[in-house]
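Below is one structure, written out as structure tokens, with a few remarks after it.
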Amino acid sequence: MVTRMLFRAVIMGPPGSGKGTVSDRIVKNFALKHLSSGDLLRTNVQNKTEIGVVAKSYIDQGQLVPDDVITRLVLQELHKINETNWLLDGFPRTVPQAVALDKAFHINSVIDLNVPFQTIKDRLTARWIHPASGRVYNTEFNPPKVPVMTD
Ligand SMILES: Nc1nc2c(ncn2[C@@H]2O[C@H](COP(=O)(O)OP(=O)(O)O)[C@@H](O)[C@H]2O)c(=O)[nH]1
Ligand SMILES: Nc1ncnc2c1ncn2[C@@H]1O[C@H](COP(=O)(O)OP(=O)(O)O)[C@@H](O)[C@H]1O
């Protein structure tokens with residue numbers, strides 16, 4: 001049996017550090033699937049799945065979704081793309097999540113975005129998200145081609 005080497009990476013950093021933006025750029029240049037825990041949760045919230053209903057109450061309060069809920073959701077998705085190289089964004093965020101991921105998969109690389117707090121504040125102030133597509137812009141760094149429109 002021939003076993004193909006698969007590349008598994010995690011991108012970490014506080015909210016607003018640029019995980020989503022950097023991930024988009026990486027997957028444009030490398031054959032990786034980008035899986036974002038935030039996007040996954042938002043899809044579940046939109047579709048009103050059982051997990052989505054539970055997750056919404058935490059997200060709306062600005063809290064982390066409980067470890068067992070998010071871990072089940074993310075690992076289930078990762079098993080679906082078992083034959084693919086992937087880049088995981090937003091997970092793990094806690095030690096129990098990291099332990100669960102480490103047990104389930106061998107991780108080849110971790111990118112840790114180290115961005116000063118003031119820079120994060122400035123970026124989040126200028127962040128602009130198009131709700132329908134989930135595309136992320138920045139009014140200074142990465143503005144949409146037509147102001148207030150998504151491209
Ligand atoms: N100036 C600058 N802004 C950036 C950079 N990377 C991301 N941003 C912007 O910072 C904001 C937060 O980025 P995002 O990818 O949503 O961060 P996440 O919350 O870690 O996924 C967005 O408005 C991005 O357009 C960067 O390298 N420089
Ligand atoms: N690994 C995780 N563990 C717990 N909750 C999470 C996790 N990832 C995402 N969430 C929930 O989803 C929300 C949105 O996440 P995300 O899109 O990554 O945005 P941000 O990077 O701006 O926090 C978080 O505020 C949190 O409530």
Side-chain angles (χ1 to χ4, degrees), residues 8-30 32-82 86-151:
R8 270 76 194 269
V10 170
I11 185 162
M12 303 182 81
S17 55
K19 298 183 297 295
T21 305
V22 171
S23 298
D24 284 348
R25 290 181 179 199
I26 291 174
V27 297
K28 271 190 192 140
N29 292 291
F30 299 95
L32 292 170
K33 189 163 169 43
H34 173 215
L35 187 74
S36 148
S37 57
D39 289 350
L40 195 54
L41 284 168
R42 279 184 284 278
T43 305
N44 275 270
V45 170
Q46 257 173 19
N47 294 341
K48 297 195 170 63
T49 65
E50 202 180 318
I51 284 187
V53 172
V54 175
K56 188 175 186 312
S57 58
Y58 291 91
I59 297 171
D60 285 352
Q61 292 175 56
Q63 288 175 13
L64 288 180
V65 173
D67 285 333
D68 59 331
V69 176
I70 187 74
T71 299
R72 194 153 41 97
L73 184 65
V74 170
L75 292 187
Q76 184 182 302
E77 266 328 282
L78 290 178
H79 284 298
K80 282 188 203 160
I81 53 167
N82 205 21
W86 44 249
L87 173 62
L88 183 56
D89 156 8
F91 184 98
R93 270 193 204 192
T94 66
V95 172
Q97 292 177 20
V99 170
L101 180 66
D102 191 47
K103 271 196 191 140
F105 293 98
H106 175 73
I107 304 299
N108 304 101
S109 185
V110 176
I111 302 167
D112 188 19
L113 299 179
N114 183 1
V115 181
F117 184 66
Q118 185 56 47
T119 308
I120 288 179
K121 261 172 73 181
D122 295 343
R123 284 185 187 179
L124 288 181
T125 308
R127 177 158 74 171
W128 194 83
I129 299 178
H130 180 240
S133 65
R135 273 193 284 274
V136 174
Y137 299 96
N138 184 289
T139 47
E140 287 158 29
F141 162 73
N142 178 28
K145 288 184 188 117
V146 181
V148 202
M149 297 287 283
T150 175
D151 50 30

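Order of appearance sets the numbers: ligands from 1, and atoms from 1 within every ligand.
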Inset, instruction - Measure the spacing between CG of Asn44 and CD1 of Ile51 and express it to the nearest 0.5 Å. - result: 6.0 Å
Inset, instruction - For the pair Thr71 (side chain) and Asp68 (backbone), establish whether a donor and an acceptor sit closer than 3.5 Å, ignoring hydrogens and angles. - result: no
Inset, instruction - Pick one of side chain, backbone, both or neither for how Leu64 approaches ligand 2, counting any non-hydrogen atom pair under 4.0 Å. - result: both
Inset, instruction - Take Leu101 and Leu78, measure what side chain to side chain contact (heavy atoms under 4.5 Å, CB included) needs, and give me the verdict at the end. - result: CA-CA 10 Å; Leu101 180 66; Leu78 290 178; 3.9 Å; yes
Legend entry - Of the listed options Arg127, Arg93, Lys19, Gln63, closest to atom 16 (P) of ligand 2 (non-hydrogen atoms): Arg93
Inset, instruction - Could you check atom 5 (C) of ligand 1 against the protein and tell me its nearest heavy-atom contact, residue, atom and distance included? - result: Phe141 CE2, 3.3 Å
Inset, instruction - Decide whether an N or O pair under 3.5 Å exists between Asp89 and ligand 1. - result: no
Inset, instruction - Please could you name the atoms of ligand 2 that Gly38 approaches to less than 4.0 Å, counting only its heavy atoms? - result: 15 (O), 16 (P), 17 (O)
Legend entry - ligand 1 to Ala126 polar contact by distance, N or O atoms, under 3.5 Å: no
Inset, instruction - Return the residue, atom name and 0.1 Å-rounded distance of the protein heavy atom closest to atom 16 (O) of ligand 1. - result: Arg127 NH1, 2.8 Å
Legend entry - Minimum non-hydrogen distance to atom 26 (C) of ligand 1, winning option of Arg135, Arg25, Lys19, Arg123: Arg123
Legend entry - Residue Tyr137 vicinity, atoms of ligand 1 by number, heavy atom under 4.0 Å: 22 (C), 23 (O), 25 (O)
Inset, instruction - Run the numbers for me: atoms of ligand 2, each under 4.0 Å from some heavy atom of Gly90, listed by number. - result: 1 (N), 2 (C), 7 (C), 8 (N)
Inset, instruction - Look at atom CG of Asp112 and say whether more than 12 heavy atoms of other residues, nucleotides or ligands are closer to it than 6.0 Å. - result: yes
Legend entry - Element-labelled atoms of ligand 1 that are located less than 4.0 Å from some non-hydrogen atom of Gly18: 7 (C), 13 (O), 14 (P), 15 (O), 17 (O), 18 (P), 20 (O)
Legend entry - ligand 2 contacted by Tyr58 (non-hydrogen, < 4.0 Å): no
Inset, instruction - Would you mind finding which of Pro66, Gly13, Pro15 brings a heavy atom closest to atom 23 (O) of ligand 2? - result: Pro15
Inset, instruction - Under 4.0 Å from a heavy atom of Phe91: give me the atoms of ligand 2 that qualify, with their elements. - result: 1 (N)
Legend entry - Side chain Lys19, main chain Gly13, donor-acceptor under 3.5 Å: yes
Inset, instruction - State whether the shortest distance between N or O atoms of Ser37 and N or O atoms of ligand 2 falls below 3.5 angstrom. - result: yes
Legend entry - Polar contact flag for Thr21 and ligand 1 (N/O pairs, less than 3.5 Å): yes
Legend entry - Protein contact to atom 21 (O) of ligand 1 [nearest heavy atom, distance to 0.1 Å]: Gly20 N, 2.9 Å
Legend entry - Within-shell test, Gly38 vs ligand 1, heavy atom, strictly < 4.0 Å: no
Inset, instruction - To the nearest 0.5 angstrom, please state how far the NE2 atom of His106 sits from the CG atom of Asp102. - result: 9.5 Å
Legend entry - Gap between atom OG of Ser17 and atom CD1 of Ile111 - 0.5 Å precision: 11.0 Å
Inset, instruction - Compare every heavy atom of Ile120 with every heavy atom of Pro14, then report the nearest pair and how far apart it is. - result: CG-CD1, 3.5 Å
Legend entry - Backbone or side-chain N or O of Gln97 under 3.5 Å from ligand 2 N or O: yes
Inset, instruction - If you have a sec, work out which protein heavy atom is nearest atom 11 (C) of ligand 2 and how many Å separate them, to one decimal? - result: Leu41 CD1, 3.4 Å
Inset, instruction - Assess whether side chain to side chain contact (heavy atoms under 4.5 Å, CB included) is satisfied between Asp39 and Arg42, documenting all intermediate values. - result: CA-CA 5 Å; Asp39 289 350; Arg42 279 184 284 278; 2.9 Å; yes
Legend entry - Test side chain to side chain contact (heavy atoms under 4.5 Å, CB included) applied to Val136 and Asp24, step by step: CA-CA 10 Å; Val136 174; Asp24 284 348; over 6 Å; no
Inset, instruction - State if Gly13 counts as touching ligand 1 under the rule of any non-hydrogen atom under 4.0 Å. - result: no
Legend entry - atom 19 (O) of ligand 1: nearest protein contact (heavy atom, Å): Gly16 N, 2.8 Å
Inset, instruction - Kindly determine whether Gln97 and Val74 satisfy side chain to side chain contact (heavy atoms under 4.5 Å, CB included), including the steps that lead there. - result: CA-CA 10 Å; Gln97 292 177 20; Val74 170; over 6 Å; no
Inset, instruction - Measure the CG-CG distance between Leu73 and Leu41 for me, rounded to the nearest 0.5 Å. - result: 6.0 Å
Legend entry - Pairwise distance CD(Gln61) to NZ(Lys56) - rounded to 0.5 angstrom: 10.5 Å
Inset, instruction - Report the part of Pro14 (side chain from C-beta onward, or backbone N, CA, C, O) that has a heavy atom under 4.0 Å from ligand 1; answer both or neither where that applies. - result: backbone
Inset, instruction - Look only at the side chain of Asn142 and the backbone of Tyr137, and say whether a donor-acceptor pair between them is shorter than 3.5 Å. - result: no
Inset, instruction - Looking only at distances, please establish whether an N/O atom of ligand 1 is found under 3.5 Å from an N/O atom of Trp128. - result: no
Inset, instruction - With heavy atoms under 4.0 Å as the rule, classify the contact between Val65 and ligand 2 as side chain, backbone, both or neither. - result: both
Inset, instruction - Would you mind telling me if ligand 1 is within reach of the side chain of Val136, the backbone, both or neither, using heavy atoms under 4.0 Å? - result: side chain
Legend entry - Nearest neighbour in protein (non-hydrogen) for atom 9 (C) of ligand 1: Asn138 ND2, 3.5 Å
Inset, instruction - With rounding to the nearest 0.5 Å, note down the distance linking CG in Leu87 to CZ in Arg8. - result: 12.0 Å
Legend entry - Min side-chain heavy-atom separation Arg93-Ile70 under 4.5 Å: no
Legend entry - N or O contact, Pro15 vs ligand 1, cut-off under 3.5 Å: no
Legend entry - Element-labelled atoms of ligand 2 that are located less than 4.0 Å from some non-hydrogen atom of Arg42: 14 (C), 17 (O)
Inset, instruction - Measure the acute angle between the ring planes of Trp86 and Phe105, then classify it against the limits of 30° and 60° as parallel, tilted or perpendicular. - result: perpendicular
